[in-house]
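Scroll down for the structure; my scribbles are underneath it.
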Amino acid sequence: MARDPRLPDLRNFERIVFFTGAGMSAESGVPTYRGKGGIWKEYEPQRYACQAAFDRDPEAVWEFHNYRRGLVGACEPNAGHRLIAQAEATLPHVTVVTQNIDGLHQLAGSERVYELHGSLWWVRCGSERRFSRAVPFDAQRPDGKWWRPDIVWFGDSLKSEVVTKAIDAITRCDLLVSIGTSAVVYPAAQMPLLAQQNGATLVEINPDETPVSKAYDICIRGTAGEVLTALCAGLDEAPAVS
Ligand code: OAD
């Protein structure tokens, strides 16, 4: 893809936030939630992704999550994930704030990642937490209790410590690049706009318009992989200006 002249030069910014949604991982083969082939078209969240469903039927909820662990576990980070990790390694200060639960940013090498909606690979029970990429995950414990996916389900609150760190990064950045989110799930949908308080430049990368597109300075209608390739071109060649 020819470089869109509206794309900023990443080297001109001191603090960059990449704010990502399911479209970021689409090119890895992870289905999005909405639109064609979206997960919520096939699986009702009220039956598989809320606390009431888990309380009612933990086995069914785990069947769904084990299916997702299998599917996502077979996927690898795509070029876009790797370019963002490279940006973090090359530029002064890069943060990823993601709604994704797939862990692909970390697998690609990103280190400063805040997962607003939790992770498919962490489970919790009371105050205990455990990381496991086992598929299927054996969720019933010897004491009869169930491990619960440490995911922010519908109706749950976001974790305050994660939100605090994400908002700190967003309000202090001078460039925010939103990639592949439909911007319909709150409070995440509104968070990128907080970057305007600092006079940051806001860029949206998405093949489609979203409800918040009009608030962005630059909207690039393309896929994560192609636009990030153009946006990050040359990062491996020259060191960042510090
Ligand atoms: P959605 O499935 O709602 O939206 C995916 C977005 O990605 C859409 O706007 C698509 O146009 C765009 N898209 C698709 N392919 C793309 C590509 N190759 N490159 C760039 N963009 C592409 O996913 P989210 O906005 O992430 O919550 O959904 C938000 C939350 O809703 C998720 O975190 C999830 C879900 O319920 C939880 O699981 C807690």
Side-chain angles (χ1 to χ4, degrees), residues 1 4 7 18-54 61 64-65 67-69 71-72 75-84 96-105 113-122 124 148-159 162-163 166 177-193 203-216 218-232:
M1 174 181 179
D4 188 311
L7 281 174
F18 289 97
F19 184 90
T20 65
M24 179 76 229
S25 297
E27 288 155 83
S28 290
V30 181
T32 58
Y33 294 94
R34 298 169 184 82
K36 196 166 165 276
I39 292 169
W40 298 146
K41 282 204 157 39
E42 205 178 329
Y43 296 91
E44 269 179 73
Q46 293 82 357
R47 289 186 65 190
Y48 301 105
C50 68
Q51 186 63 43
F54 185 67
V61 170
F64 169 67
H65 284 82
Y67 158 72
R68 295 212 63 207
R69 284 167 79 98
L71 196 149
V72 174
C75 295
E76 294 192 356
N78 60 52
H81 292 111
R82 288 193 295 273
L83 286 163
I84 290 174
V96 175
V97 177
T98 188
Q99 297 165 84
N100 297 344
I101 58 173
D102 54 35
L104 290 177
H105 282 296
V113 181
Y114 302 133
E115 296 174 309
L116 292 175
H117 292 162
S119 168
L120 196 50
W121 309 114
W122 282 90
R124 67 171 197 250
R148 175 213 198 277
D150 203 0
I151 293 172
V152 178
W153 282 331
F154 287 90
D156 291 346
S157 298
L158 273 62
K159 288 191 183 175
V162 179
V163 171
V177 184
S178 163
I179 306 166
T181 175
S182 60
V184 295
V185 172
Y186 282 78
Q190 205 70 31
M191 279 189 193
L193 307 188
V203 179
E204 180 183 68
I205 300 173
N206 195 313
D208 298 326
E209 190 173 345
T210 75
V212 293
S213 293
K214 287 189 172 51
Y216 279 73
I218 302 165
C219 294
I220 309 286
R221 298 283 160 242
T223 59
E226 62 183 351
V227 182
L228 280 167
T229 299
L231 184 67
C232 299

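Both ligands and their constituent atoms are indexed starting at 1 by order of listing.
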Could you see which bit of Gln99 sits under 4.0 Å from ligand 1, with heavy atoms only: side chain, backbone, both or neither?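 The answer is both, backbone and side chain.
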Just to be sure I read this right, does ligand 1 sit under 4.0 Å from the backbone of Phe154, its side chain, both, or neither, counting only heavy atoms?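 Under 4.0 Å from ligand 1, Phe154 contributes side-chain atoms alone.
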Glu27 heavy atoms, cut-off 4.0 Å: which ligand 1 atoms fall inside?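 That gives atoms 17 (C), 18 (N), 19 (N) of ligand 1.
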If you count the atoms of ligand 1 from 1 in the order shown, which ones are under 4.0 Å from a heavy atom of Pro207?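 Listed by number with element: 13 (N), 20 (C), 21 (N), 22 (C).
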How far is [atom] from its nearest protein heavy atom, and which residue and atom name does that atom have?
| atom | value |
| --- | --- |
| atom 32 (C) of ligand 1 | Tyr33 CE1, 3.5 Å |
| atom 5 (C) of ligand 1 | Gly180 O, 3.7 Å |
| atom 36 (O) of ligand 1 | Trp40 NE1, 2.9 Å |
| atom 25 (O) of ligand 1 | Thr181 OG1, 2.7 Å |
| atom 20 (C) of ligand 1 | Ala224 N, 3.4 Å |

Compare [options] and give the one whose heavy atom is closest to [atom].
| atom | options | value |
| --- | --- | --- |
| atom 4 (O) of ligand 1 | Gly21, Ala26, Ser182 | Ser182 |
| atom 17 (C) of ligand 1 | Gly23, Ala22, Pro211, Pro45 | Gly23 |
| atom 9 (O) of ligand 1 | Thr223, Asn206, Asp102 | Asn206 |
| atom 30 (C) of ligand 1 | Val152, Thr32, Val185, Leu116 | Val185 |
| atom 31 (O) of ligand 1 | Glu209, Glu204, Arg34, His117 | Arg34 |

Using a plain distance cutoff, I'd like to know if Asn100 has any nitrogen or oxygen under 3.5 Å from a nitrogen or oxygen of ligand 1.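 In fact, backbone or side chain, Asn100 has no N or O that close.
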Heavy-atom neighbours of Gln51 CD exceed 12 at 6.0 Å: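 Atom CD in Gln51 is crowded, with more than 12 foreign heavy atoms closer than 6.0 Å.
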Are there over 12 heavy-atom neighbours, none belonging to Arg34, within less than 6.0 Å of that residue's CZ?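 More than 12 within 6.0 Å, yes.
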With rounding to the nearest 0.5 angstrom, report the CD to CD distance, Glu27 to Glu226.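 Between Glu27 CD and Glu226 CD, I get 7.5 Å after rounding to 0.5 Å.
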Hey, does [Y] have a side-chain heavy atom less than 4.5 Å from the side chain of [X]?
| X | Y | result |
| --- | --- | --- |
| Leu116 | Val152 | no |
| Glu204 | Glu209 | no |
| His117 | Asp156 | no |

State if Thr210 counts as touching ligand 1 under the rule of any non-hydrogen atom under 4.0 Å.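 Checking ligand 1 against Thr210, which is what was asked, there is no heavy-atom contact under 4.0 Å.
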What class does the angle between the rings of His81 and His105 fall in, given that below 30° is parallel, 30 to 60° is tilted and above 60° is perpendicular?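 The rings of His81 and His105 stand perpendicular, inter-plane angle above 60°.
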Whether Tyr48 and Tyr43 hold their rings parallel, tilted or perpendicular, with breakpoints at 30° and 60°: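 Answer is perpendicular, since the angle exceeds 60°.
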Evaluate side-chain contact (heavy atoms from CB on, under 4.5 Å) for Trp40 paired with Phe154, printing each intermediate quantity in order. CA-CA 12 Å; Trp40 298 146; Phe154 287 90; 3.7 Å; yes
Could you tell me whether Arg221 and Asp4 have a side-chain N and a carboxylate O separated by less than 4.0 Å?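 Salt bridge between Arg221 and Asp4, a charged N being under 4.0 Å from a carboxylate O: no.
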